[in-house]
Amino acid sequence: MAPPKYMGLSGKRLSLAVSTVATTGFLLFGYDQGVMSGIITAPAFNDVFEETRDNPTMQGLVTAIYEIGCLFGAVFILAFGDLLGRRKAMILGALVMMIGVVIQVTAQSGSNPLAQFIVGRVVMGVGNGVNTSTIPTYQAECSNTKNRGLLICIEGGIIAFGTLIAYWLDYGASYGPPDLVWRFPIAIQIIFALAIAIPMFFLPESPRWLLSHDRVEEADRVISALRGYEMDSEETLLERTVVLDSIRASGGIGQKSTPVKALLSSGKTQHLRRMLLGSSSQLMQQIGGCNAVIYYFPILFQRSIGETHQMSLLLGGINMIVYSIFATTSWFIIERAGRRRLFLWGSLGQCLSMVIVFSCLIPGTQSAAKGAAVGLFTYIAWFGATWLPLPWLYPAEINPIRTRGKANAVSTITNWLFNFLIVMVTPIMIDKISWGTYVFFAAVNGCFIPIIWFFYPETARRSLEEIDIIFAKGYVDKISYVKAAEELPHLQPDEIEAYAIRYGLIDSADGQNVTRRRTRDVEDLDEKREGEAEHGSPTGSGSSTDVAEGILR
């Protein structure tokens, strides 16, 4: 019997389709991060939106108001994401983004265009907030352990490629007629949104979300399709059982939506700590100064280094090429180096880069200021290789299945809240304190290092269920969770159950019941296969023992 199919695909091809759509969502996210950088100071844009001409505060508001929309979108997912589901949320987010694009590009002079443009930015932000709160969770819940980190890192890294496209499109459009300068770069975002919405009508829902809503048959179909298993195979049964054990351990069985108060619980599951770990990674990504560079790179060159608008756009485009190249490095080292090392290396590199920038700006001469460009280039290289993808990966895997949707939404809310703050104040900081802006960012990045060293446990090459064991072990053994992650060996499925019993995530009676259910189900499947073999029907491949060893490797 062939595996179930979605869009005519199963196994690796279906997983690739899921990853492609998820990646497109973050490509659009990156594009919108960069698109305003080359537009906000363009004469053609300022002619239509007069309030933005030579006004750092208004330029910051118009750019940063998008983040307020993203914040609202993330809050929406916090409230309704568990009920809506990952798939429907992504479709909704893409459709809302398209509406926002239309509102922006139809603004006309003489009819209060700035207000309309700001409304469009907010609406589009709502859609992006919905998507960025949902996509990493969807990807994590559909992925295998062995490639989960890589796939979500590709999502995060692709943000850089979206920004690269935006910078060079802005640069090319700057030579066109006035309407082309700003309307075309904004309008093209509809193409990206359609590439998300249309495939998601046909792709599957997250199997973990389905199981948390007692939709077992649908979950079995999705697991079989994503992994390339037969519908009634032992592989499907065992993967479903491991996930259900995790849901039972967190108390999520039968709850259509996780209550917000569950995010505040501690004990063996450590929901609050895990939410704070994920959210703090998003906070540090933003206050480290990334968007001060990404959004305002041309402005930094114009005001801090004294280049022309066209030259600043060109240098910004070159910087984004560097950004994109280094963003791909995490794809190859994320599982080898681990999350902790990349966080630490990135913090140190970003700190030293900002030191270079402010040191070169202190003399106040144009020749010395050109050295600051080196710091900006090295900063974006370090950021692309480390802090760009990691805060999207870490919350998606550090949080347990019961609270993952809501905790990931809280993380994204944190991202957009501080994104807004940094994008809003950066032009004002550059205008008022000049090189002191970079002193601030250098100091902040230096402060990240001890926080990561003492509080961030390693999650590389761990199944989502193993990560639950890490926190239970730290709580029960009264050791740091960093040490618990170092001491816990990599577990196989049956070992996960044994460790869950050992650390009290499920009691021994429940564990025995689960084992009996699993044994009975496998025996039933074996009998079914023997009957099919007697009648000449195709049989599945691999023994039950072989299957158990293969799941969650």
Side-chain angles (χ1 to χ4, degrees), residues 15 18-30 33 70-71 73-78 81-82 84-94 127-145 147-160 162 196 200 203-209 212 226 258 274-275 277-286 327 330-331 334-335 339 342-343 386-416 419 459-460 462-464 467:
S15 295
V18 168
S19 299
T20 300
V21 174
T23 300
T24 302
F26 273 73
L27 184 71
L28 176 54
F29 169 29
Q33 270 197 319
C70 294
L71 175 65
V75 170
F76 174 83
I77 291 299
L78 176 65
D82 284 339
L84 194 60
R86 321 305 189 211
R87 178 174 157 272
K88 290 180 181 178
M90 290 170 65
I91 294 171
L92 175 64
N128 191 52
V130 168
N131 280 345
T132 53
S133 298
T134 306
I135 289 173
T137 303
Y138 178 68
Q139 180 71 85
E141 293 181 344
C142 290
S143 302
N144 279 318
T145 299
N147 62 7
R148 183 185 68 243
L150 171 62
L151 292 174
I152 300 181
C153 264
I154 290 174
E155 281 179 19
I158 212 71
I159 295 172
I196 300 168
M200 285 309 301
L203 288 174
E205 179 57 85
S206 155
R208 285 175 168 85
W209 182 86
S212 67
L226 286 170
T258 301
R274 295 162 79 171
M275 179 187 70
L277 284 170
S279 299
S280 64
S281 70
Q282 292 279 23
L283 182 150
M284 289 189 283
Q285 183 197 58
Q286 294 306 314
S330 64
W331 305 355
I334 182 62
E335 296 299 343
R339 287 44 160 169
L342 289 184
F343 273 131
T386 58
W387 276 96
L388 170 63
L390 287 173
W392 298 104
L393 166 61
Y394 204 69
E397 62 184 9
I398 200 71
N399 288 294
I401 189 169
R402 183 187 182 195
T403 61
R404 187 172 299 131
K406 278 187 164 54
N408 209 44
V410 172
S411 298
T412 310
I413 288 170
T414 305
N415 177 289
W416 293 119
N419 192 319
T459 57
R462 297 284 191 182
S463 72
L464 298 176
I467 295 170

Enter the distance from [X]:[atom1] to [Y]:[atom2] here, rounded to the nearest 0.5 Å.
| X | Y | atom1 | atom2 | value |
| --- | --- | --- | --- | --- |
| Ile158 | Ser19 | CD1 | OG | 11.5 Å |
| Asn408 | Ile77 | CG | CD1 | 10.0 Å |
| Thr20 | Ile196 | OG1 | CD1 | 12.0 Å |
| Ser212 | Arg404 | OG | CZ | 10.0 Å |
| Leu393 | Ser330 | CG | OG | 9.5 Å |
| Leu226 | Glu141 | CG | CD | 11.5 Å |

Could you tell me if the side chain of [Y] sits less than 4.5 Å from the side chain of [X], heavy atoms only?
| X | Y | result |
| --- | --- | --- |
| Ser281 | Ser411 | no |
| Tyr138 | Val21 | no |
| Leu78 | Ile413 | yes |
| Phe26 | Asn131 | no |
| Arg87 | Trp209 | no |
| Thr134 | Leu84 | no |
| Pro391 | Met284 | no |

What closest approach, in Å, do [X] and [Y] show between heavy atoms, and which atom pair accounts for it?
| X | Y | value |
| --- | --- | --- |
| Ile398 | Arg274 | O-NE, 2.7 Å |
| Ile135 | Gly25 | CD1-CA, 3.8 Å |
| Glu155 | Pro136 | OE1-CA, 3.9 Å |
| Cys142 | Ser206 | SG-CA, 4.1 Å |
| Gly81 | Arg86 | O-NH1, 4.4 Å |
| Val410 | Ser279 | CG1-OG, 3.5 Å |

Is a side-chain donor or acceptor of [X] paired with a backbone partner of [Y] at a separation under 3.5 angstrom?
| X | Y | result |
| --- | --- | --- |
| Ser133 | Val130 | no |
| Thr137 | Ala396 | no |
| Asn128 | Cys70 | no |
| Glu335 | Ala460 | no |
| Arg339 | Leu390 | no |

Centroid separation Phe29 to Trp416 less than 6.0 Å: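 Yes.
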For Phe343, which residues count as a ring-ring contact (aromatic ring centres under 6.0 Å, His included) partner, sequence neighbours excluded?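 With sequence neighbours excluded, Phe343 shows a ring-ring contact (aromatic ring centres under 6.0 Å, His included) to Trp387, Tyr394, Tyr456, given in chain and number order.
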Carefully, step by step, assess Leu151 and Val18 under the rule side chain to side chain contact (heavy atoms under 4.5 Å, CB included). CA-CA 10 Å; Leu151 292 174; Val18 168; over 6 Å; no
